[in-house]
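Working notes for the structure below.
Worth knowing before you read on, the calculation uses all heavy atoms, side chains too, and leaves out hydrogens, waters and symmetry mates. This chain uses plain numbering: 1 for the first residue, then up along the sequence. Since we're looking at a predicted model, the values are computed, not measured. Every number for a ligand or one of its atoms is a count from 1 in the order of the listing.
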Amino acid sequence: MESLVINGGIPLFGEVEVSGSKNATLPIMAAALLTDEPCVISNVPDLSDVNFMGRILTTLGAHVEREGDMIRIHARNPRGIGDYNLVRKMRGSVCILGPLLARLKSARVSMPGGCVIGTRPINLHLKGMKALGADVSIEGGYICASTRRLRGTELFLGGRSGPTVLGTANVMMAATLAEGETVIDSAACEPEIIDLANFLNKMGARIEGAGSPTIRIKGVESLHGAEYSVIPDRIEAITYAIAAAGTGGEVTLKNLRPEHITAVIDKMREAGVSMERNNGALTIRRTGELSPVDVTTLPYAGFPTDVQAQMMVLMTLAPGISIITERIFESRFMHVNELARLGADISQEGPSAIVKGGLPLSGAEVMASDLRASAALVIAGLVASGSTKVNRIYHIDRGYERLDKKLQKIGARIKRVQENNRSD
Ligand code: EPU
């Protein structure tokens, strides 16, 4: 296994090119299963999760080729079985269910299982497939869904924590080939859902309202191949923005959509960070002291859960008390104990973390627990004095394209090393 070793305390300066969005790419790749024609997707980030989705599609019988930032997927004759050994390893792979069911009228996809950030049920995905007229059962750890023909319907897809992103994606994909019109109420409004709908419409689907809580899908007989470029990764962009602010530097992010991150821009300004928008670029600058702010994670357009951990690191630097409340995933606080190793004072009260900011952070050896927690630990290492070693960085490679290289380019002293002494 590999680790990252960071010598912190150095302000970051320069430009970062934001990569394509992981969470837009994964369902778009799955959507290519809906047609027997080739699809070409560009601005695809080079990430292990994306490669993994490619492997899953290959085992389903699709032909997947990658060249640079482009992936060509041709699912001429797919089979409908999503294997346990693959699907259980990546939650995002559950979004093969909708396309397989729509295309083949029957799908057998392994239950994705829980994960370190929470229980992550799939009841809403199943509710959606049943509402579209599928018979759904769980047998031997597999979701078995079948139908003679999916039928359009009106359904409410809100759950205990609000809408579901991949659930909306799954139902939307299945409904493209259903007979008649489907109306999804309480749909997820994330930009990744709009991106998927745009791709599906390019394939010949008839979807309206994506990006709002009500999505209308008029079913069509078949979809065709399409070319599409995915949106920039808003979570990657924010991660670099927080790293820049944390180290007290000045960084310009290129190739991003600032309108996708307004909740974070607003919070960072409230904390005393200058966030200057200039067409498709964003310059982050911090010269003065940070102010504490309270943050509550919410579905889009609220503050994203995927940057809660990174924001917590920023708040450890702001003298005073910040309260960070997690409303999407109940156990997404694995980074709290690791940040304590660097000297942060954070206590957890139910869904909230109380951060007493302003104490100096000093480098230590820490362990990455999940993708975004790992990014937070890297930021903490960049702002802490001395050396920080972040172990188990395979989590980072799942969702950040060449993170160490991009950080080196803006002046970070960070290097990838083989993890020799096990810390678990
Ligand atoms: N939920 C249910 N039932 C369901 C599905 C979800 O109760 O059937 C609950 C979840 O337990 C959670 C809430 O609904 O409390 C929202 O979960 P959602 O379904 O929206 O999450 P997801 O679609 O599985 C995607 C991203 C996550 C991101 C969340 C929330 C991908 C591949 N994953 O997951 O990204 O945190 O939306 O925005 O798109 C990450 O990139 O690090 C990551 C975890």
Do side-chain atoms of Lys202 reach the backbone of Glu227 as a donor and acceptor pair under 3.5 angstrom? yes
Give a yes or no answer on whether the side chain of Glu37 reaches the backbone of Ala226 with a donor-acceptor pair at less than 3.5 Å. no
For ligand 1, protein residues within the heavy-atom limit of under 4.0 Å are Lys22, Asn23, Ile117, Arg120, Pro121, Ile122, Asn123, Leu124, His125, Arg160, Ser161, Pro163, Thr164, Val165, Leu166, Thr305, Asp306, Ile328, Phe329, Arg332, Leu371, Arg372
I need the single residue from His335, Arg327, Arg372 that forms a side-chain hydrogen bond (donor to acceptor under 3.5 Å, both in side chains) with Gln308. Which is it?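 When side-chain hydrogen bond (donor to acceptor under 3.5 Å, both in side chains) is applied between Gln308 and each of His335, Arg327, Arg372, only His335 qualifies.
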Would you tabulate the side-chain donor-acceptor contacts of residues 337-346 under 3.5 Å, counting partners in other chains and residues two or more places apart, or write 'none'?
from: Glu338; atom 1: OE1; to: Arg341; atom 2: NE; distance (Å): 3.3
from: Glu338; atom 1: OE1; to: Met367; atom 2: N; distance (Å): 2.7

Going by ring pair (Phe, Tyr, Trp, His ring centres under 6.0 Å), name the residues that satisfy it together with Phe199, two or more places apart in sequence or in a different chain.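 Tyr228.
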Glu326: salt bridge (charged side-chain N to carboxylate O under 4.0 Å, His left out) partners, not counting sequence neighbours: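 Counting only residues at least two positions away or on another chain, Glu326 forms no salt bridge (charged side-chain N to carboxylate O under 4.0 Å, His left out).
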